[in-house]
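Here you go, one structure.
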Amino acid sequence: MTAPHGQDTHWSRVEESGTVTGMRLMLAIDRWLGEWAFRLLLIPAAAYFWLRRPLARRASREYRHRLQHTFPQLRLGPLATLRHFICFGMTMLDKVRALHGRIDGERVHLPDRATLREAIESGRGGLILVSHLGNHEICQALSRQRPDLRLSLLMHTRHAQRFNALLASADRGERVEVIEVSEITPETAQRLRERIDEGGFVVIAADREPISGDQRARSFDFLGAPAPFPEGAFRLALLLRCPLYLLLCARNGRGYSVHFEALGDSRGVARAARETWLATHMAAFVRRLETYCGRYPLQWFNFYPFWKSPAHGSDRGQR
Amino acid sequence: MAETAQTPLERSLAEMIIETLELEDIATDDIDPEAPLFGEGLGLDSIDALELGLALQKHHGIRLDSDSEDNRTHFASLRNLAALVEARRAT
């Protein structure tokens, strides 16, 4: 259920650019002309969006300022905002490549291989938090490498429709299941519980602003200023009582780096201890996200106003 | 003491609810089989409903279907919940 929202800047209304046809075109360019050609063609496209989407441009600029302030030693170089858009364009190509199984396993660097192996082999399953940082679709390439890694991607119906259209056009591996939801119902909870009991992993985005205004959010300092983070993923972890992980895949030079970290475990958390668990683990997630933003500065793909500002004067989603 | 007597199944479901939701200050007998579980009755919320769904799955092997209207009816009272368990046993 999505409550009517006063502000049209809300992420679910800012359309992610690009259609299925566009994606097919990208893939064709990549296939016939190579990545460099794609990147070259991306420049005018990114410049177009950069000019035509002042909201996204401002969001990118704000992010850059906060990042620079938090990591003063970071050198972002000229035209960082435009390059931020170009990087986002590259993720489109990566998404399509991942869906079509065209990510070369040798280009995927997995520093946390041991953690991943242990998580899979423990058979306990878990909840995996993903974010706007990098491109978690690359995890599809990962599940090709580890056929015993079973992923169920929890996705808002609105996004799932577009995503499914893409999937339909791809000869993908069958390892990733997409579960469409607009809210978590008892039926969904049972389904997720089953996946985890089977040793599978449920993947959920943890830094999206709440979809409907009634979903609870908490404010955390992120890159030096308070920003609302939804509680949803963490409440789900408490409900499912399972190990909690963080996953992100970022472009790293010519290849990709996949990070997979254990964030905690919600098994055996007493009801009275829940709020403390929630606060501790949300804070830990935000800290990790911040660290990775410093590491992959132009790969935090969040093009809407993320921080609370007096101009927007909103406490939407806040308690 | 509840106004309407609980059947043995209702009693065991009441125990399940209390245990699952860690309702320390409520006794099994306090849950009136016909009183609403959510809102003004026992005062449970939507997250509690998810917990109960998982408890039903774990203890009674009940898989809810996606019809939220049906689920609302099943979760309305202890009596309805017992009816659901009975019905699933029968099949």
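Values below: every heavy atom of this structure, side chains too, minus hydrogens, waters and symmetry copies. All values derive from a computational prediction rather than experimental measurement. Just so we're on the same page: letters track the sequence lines, and every chain starts at 1.
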Check: Atom CD of A:Glu187 and atom CG of B:Asn71: how far apart are they, to the nearest 0.5 Å?
Finding: 8.0 Å
Notebook entry, point to check: What pair of heavy atoms forms the shortest contact from B:Ile62 to A:Gln190, and how long is it?
Noted result: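 The pair with the smallest heavy-atom distance is O-NE2, 3.1 Å.
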Margin query: Could you check whether atom CD of B:Glu24 has more than 12 heavy atoms from other residues, nucleotides or ligands sitting under 6.0 Å from it?
Written below: no
Check: Which residues from residues 48-57 of chain B are near chain A, with near meaning under 4.5 Å between non-hydrogen atoms?
Finding: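 Contacts with chain A: B:Asp48, B:Ala49, B:Leu50, B:Glu51, B:Gly53, B:Leu54, B:Gln57.
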Next item on the list: Could you list the residues that satisfy salt bridge (Lys or Arg N to Asp or Glu O under 4.0 Å) with B:Glu22, not counting sequence neighbours?
Entry: none
Notebook entry, point to check: Where does A:Ile184 contact chain B at under 4.5 Å (heavy atoms): side chain, backbone, both or neither?
Noted result: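 Both backbone and side chain of A:Ile184 come within 4.5 Å of chain B.
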Note to self: Measuring from atom CD1 of B:Ile47 to atom CD of A:Glu231, what distance do you get when rounded to the nearest 0.5 angstrom?
What the structure shows: 8.0 Å
Next item on the list: Show the numbers, then the answer: is there a side-chain contact (heavy atoms from CB on, under 4.5 Å) between A:Arg193 and B:Lys58?
Entry: CA-CA 10 Å; A:Arg193 176 75 259 166; B:Lys58 188 175 168 188; over 6 Å; no
Checklist line | Heavy atoms of other groups near B:Glu15 CD, more than 12 under 6.0 Å | finding: yes
Note to self: Could you work out, with ring-ring contact (aromatic ring centres under 6.0 Å, His included) as the rule, every residue matching B:Phe38, not counting sequence neighbours?
What the structure shows: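 B:Phe38 satisfies ring-ring contact (aromatic ring centres under 6.0 Å, His included) with no residue once adjacent residues are dropped.
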Notebook entry, point to check: Who passes ring-ring contact (aromatic ring centres under 6.0 Å, His included) against B:Phe75, sequence neighbours left out?
Noted result: none
